Amino acid sequence: MRGPASATPLRRRGEALESAIFEAVVRQLTTDGYARLTMEGVAAAAQTGKAALYRRWSSKEALVQDALRASLPQSGPAPDTGSLRGDLLEVVARLRTAMVSEVGAAVRAIMSELDHQRAHVFLAIVLERVVEPTTALVGEVLARGAARGEVRPGSVTPLVTDVVPALMLYRIKMCGGDAERIDPAAIVDEVLLPVVRP
């Protein structure tokens, strides 16, 4: 009886194969970390041949970059609950959901293992896919609140819109990666609203 390592590779192509590969990358980052992740290990976990990976990616770094780009969730349109507080809670909750997801755990594994110089290419992807869209959503929500008179004129600045992702990333780092301990209501009620309300 053959074990998992010797199982015959599945005949998948295109998006189905790519999706299986990216899932294997994220899973192995979460369980084993970046240093122990190998092209061979990913191929085995995705039940494909090594050649399928090397045809697409020249290195582990390139593979991980593409896996992060594909796996990090889209931020979606700005919420419109009818109230400033409700909209801000939704934005913060979305970011928290991304952080507690499996790909969020994979990102935290990379950041905890690599120094800033080696991690900068991965950080750039997180900024592009998660941080910048979140600050844009916060800005849009606050601008809408200002139009309704719920936000003090002049209080919507780049520093204020940066508060949500910066605070959440800091809290995760200080809490040892436990994003479950982040309370969206506390961030909105104790930090954001006191800064921007009339």
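None of the values given here were measured: they were computed from a predicted structure.
Here the shortest heavy-atom pairing between Ala24 and Ala45 reads CB-CB, 3.8 Å. The minimum heavy-atom distance between Val103 and Pro73, with the atom names listed, is CG1-CD, 4.2 Å. Closest heavy-atom contact between Leu137 and Gly76: CD2-O, 3.7 Å. Minimum heavy-atom separation, Ala52 to Thr48: CB-OG1, 3.5 Å. Between Val26 and Thr30, the shortest heavy-atom distance links the atoms O-OG1, 2.9 Å. Nearest heavy atoms, Arg148 versus Leu84: NH2-N, 3.1 Å.
Looking at Lys60, its side chain does come within 3.5 Å of a backbone N or O of Leu37 through a donor-acceptor pair. Formation of a donor-acceptor pair under 3.5 Å by the Glu23 side chain with backbone atoms of Ala46 is not found in this model. The backbone N or O of Gly33 sits nowhere less than 3.5 Å from a side-chain atom of Glu113 that would complete a donor-acceptor pair. Using modelled atom types, one side-chain atom of Gln28 and one backbone atom of Gly41 make a donor-acceptor pair closer than 3.5 Å. The backbone N or O of Pro158 lies less than 3.5 Å from a partner atom in the side chain of Thr161, making a donor-acceptor pair. A donor-acceptor pair under 3.5 Å is formed between the side chain of Thr81 and the backbone N or O of Asp87. Between the side chain of Ser19 and the backbone N or O of Glu15 there is no donor-acceptor pair closer than 3.5 Å.
Residues Leu68 and Val25 fail the side-chain proximity criterion, which asks for heavy atoms closer than 4.5 Å. The shortest side-chain heavy-atom distance between Leu17 and Arg56 falls under the 4.5 Å cut-off. The side-chain heavy atoms of Arg152 and Val196, taken from C-beta on, include no pair separated by under 4.5 Å. Inter-residue side-chain proximity for Leu192 and Val160 is flagged as met; some heavy-atom pair is nearer than 4.5 Å. The shortest side-chain heavy-atom distance between Phe122 and Leu114 falls under the 4.5 Å cut-off. Side-chain contact check for Leu142 versus Leu88: some heavy-atom pair is nearer than 4.5 Å. Side-chain contact between Ser75 and Thr134 is absent, with no heavy-atom pair separated by less than 4.5 Å. With contacts defined as side-chain heavy-atom distances shorter than 4.5 Å, the pair Arg118/Asp115 qualifies.
For Arg94, the salt bridge (charged side-chain N to carboxylate O under 4.0 Å, His left out) test picks out Glu90, with sequence neighbours left out. For Asp80, the salt bridge (charged side-chain N to carboxylate O under 4.0 Å, His left out) partners at least two apart in sequence or on another chain are Arg144. Scored by the side-chain contact (heavy atoms from CB on, under 4.5 Å) test, Ala146 finds Val151 as partners (sequence neighbours excluded).
Here the CZ-CG distance, from Arg129 to Leu72, works out to 6.5 Å after rounding to the nearest 0.5 Å. Put simply, OG on Ser59 and OH on Tyr54 are 9.0 Å apart, with the number rounded to the nearest 0.5 Å. The structure places CD1 of Ile21 at 7.5 Å from CG of Leu63, a figure rounded to the nearest 0.5 Å. One distance of note links CD of Glu150 with CZ of Arg197; it measures 7.0 Å at 0.5 Å rounding. Taken to the nearest 0.5 Å, the CZ atom of Arg27 stands 10.5 Å off from the OG atom of Ser71. In this structure, CG on Leu169 lies 9.5 Å from CE on Met111, to the nearest 0.5 angstrom.
Salt bridge status for Arg69 with Asp66: present, with a side-chain N to carboxylate O gap under 4.0 Å.
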- What do the steps show when you test Thr135 against Val164 for side chain to side chain contact (heavy atoms under 4.5 Å, CB included), and what is the final call? CA-CA 7 Å; Thr135 59; Val164 169; over 6 Å; no

- Would Gln65 and Trp57 count as a side chain to side chain contact (heavy atoms under 4.5 Å, CB included) if you check the C-alpha gap in whole Å, the side-chain angles of each, and the deciding distance to 0.1 Å? CA-CA 10 Å; Gln65 287 180 57; Trp57 299 280; over 6 Å; no

